Number of protein chains: 2
Amino acid sequence: MKRVKTENRKEEIINISSKLFKEKGYSAVSMRDIAQAMGIKAASLYNHITSKQEILSIIILDVAEKFTRGMDRIVESEDNAIDKLEKIIELHVNVTVNNADALGSLNNDWMHLVEPQLSYFLKLRSQYEENFRQIVKLGVDEGHLEPLNVEVMLFSILSTLRTLYLWYYKKEGVDTAELVVQMKTVLLRGVVLKP
Amino acid sequence: MKRVKTENRKEEIINISSKLFKEKGYSAVSMRDIAQAMGIKAASLYNHITSKQEILSIIILDVAEKFTRGMDRIVESEDNAIDKLEKIIELHVNVTVNNADALGSLNNDWMHLVEPQLSYFLKLRSQYEENFRQIVKLGVDEGHLEPLNVEVMLFSILSTLRTLYLWYYKKEGVDTAELVVQMKTVLLRGVVLKP
DNA sequence: TTCATAAACTAACAATTGTTAGTTTTGAGC
DNA sequence: GCTCAAAACTAACAATTGTTAGTTTATGAA
């Protein structure tokens, strides 16, 4: 079955590239670097992909769409704001644990996308942030969240979730469920002991 | 006074480079890009700096040392853990507001430093994190912080502070003092309304 | 005006970049 | 063992990279 083999090889290129991009950034990784990590020559990569740019856009858009689909599910649910926020935290932990390398490019290499993928990515990102913002606003209106500045609440929580890929493994023997519990507490209830 | 003029020109190069590196990353910015933004030719840059690498290490190490000096002051103080955490938040907001562009390289381009600057940077960073960790531990031991996982508390707070440069300006008419107050509340007390 | 030097310039370099063209090797199904 | 396509290879390309050498221009002090 050749078709399957090709797709496997393409996925290998995407996975290895994700790792390299995460370590040094898209621009600092050459096609020869990727090829060497695969144990082949640079020109051979083009049997499986059309360009370096294609590798980047697959890495970024695949994981961006995972976040979008997860958020859409949460928005459509009947939960109150706090339950929705907890589900967003679960979403980020799960996507991070399963796609840790891709998150490097998602966070730091998106600006090297070209059109039309760049505009598409920016649209997904701003829609994601807007959905998040409305949930925070809802929480304030419901009286479940403190009446603080919405942007500060939104980006404080989102920043931690977005950079989770950089440090989650430092909890040795990462227990995903336990990490979710801890993060819900820290991000939503705070760290200061209540009297 | 020629000496002063040269230093001014060098600072201009550093500042313009910080902006460009923040937008596209160190590797994607060429010496010709920097020169064009200065209105001169690439070769002329070398009247003021010795290499592209020198630009990067000045940008990163200057701001890294600001964080280190700020943290050292906090560690030496007589405050309890919560006051120390509040001072760390103040430190980050102040350094961010005054060095917003440099923080891009600090976060995303440090791996392009060469030795011995790379090792020096990594030493500063791990010392900073260790100081932060000890303050969190102290808070737990004092009974002022929730007895949660220390790494999760540490990196949740630190992640938000480190990426503040990406979003602080979204609060239109950024009032630094107000931002400090909001962040102390969100990061330490949480967003969920207490009964 | 003269002079010194800071700071710009032009021209070039060797290395590296992403990519293409054309060729050979590999391996599964007959 | 033959066939054929997938997937590797070699060789080369034009463009861009950081940097150097040597030269000209601009400016402030004498």
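All of these numbers come straight from a predicted model, not from anything done at the bench. Chain letters run A, B, ... following the sequence lines, proteins first and then strands; every chain starts at 1.
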- Ranking C:dT19, C:dT17, D:dT17 by distance to the side chain of B:S30, first place goes to D:dT17
- B:S44 side chain near C:dA7 phosphate (N/O to OP1/OP2, under 4.0 Å): no
- Take the protein atom NZ of B:K52 and the nucleotide atom C1' of C:dT16, then report the distance between them rounded to whole Å. 13 Å
- Message: Just the rounded figure in Å: distance from P of C:dG18 to CG of A:L45.
- Response: 10 Å
- D:dA7 P sits how many Å from A:H48 NE2, rounded? 5 Å
- Between B:Y120 and the options B:E65, B:R125, B:E115, the side-chain contact (heavy atoms from CB on, under 4.5 Å) test singles out B:E65
- Message: Please pick, from C:dA8, C:dA21, D:dA8, the nucleotide with the shortest atom-to-atom distance to any side-chain atom of A:A43.
- Response: C:dA21
- Which listed nucleotide (D:dC9, D:dG18, C:dT19) is nearest to the side chain of A:S51? C:dT19
- Task: Would you check, one step at a time, whether the test side chain to side chain contact (heavy atoms under 4.5 Å, CB included) holds for B:S159 with A:W167?
- Result: CA-CA 9 Å; B:S159 293; A:W167 57 270; 3.2 Å; yes
- Message: Could you tell me how far apart B:I49 (CD1) and D:dG18 (P) are, to the nearest whole angstrom?
- Response: 10 Å
- Query: For the base of D:dA6, is there a side-chain donor-acceptor partner from A:N47 under 3.5 Å away?
  - Reply: no
- Item | Nearest-angstrom distance from the residue atom CE of A:M31 to P of D:dT17 | 18 Å
- Query: Would you say C:dA8 has OP1 or OP2 under 4.0 Å from some side-chain N or O of B:K41?
  - Reply: no
- Message: Which residue is it: B:F67, B:F132, B:Y168, B:Y165? I am looking for the one with a ring pair (Phe, Tyr, Trp, His ring centres under 6.0 Å) to B:H92.
- Response: B:F67
- Proximity to the side chain of B:R32 - top-ranked nucleotide from D:dG18, D:dC9, C:dT17: D:dG18
- Item | Pair B:K87 + B:E90: basic N to acidic O under 4.0 Å | no
- Task: Would you name the heavy atoms of A:A35 and A:K41 that are closest together and state the gap between them?
- Result: CB-C, 3.4 Å
- Query: Whole-Å distance between D:dA8 C1' and A:I13 CD1?
  - Reply: 12 Å
- Query: Between C:dT17 atom P and A:I55 atom CD1, what is the distance in whole Å?
  - Reply: 14 Å
- Write down the distance between CG (B:D33) and P (D:dT17), rounded to a whole number of angstrom. 6 Å
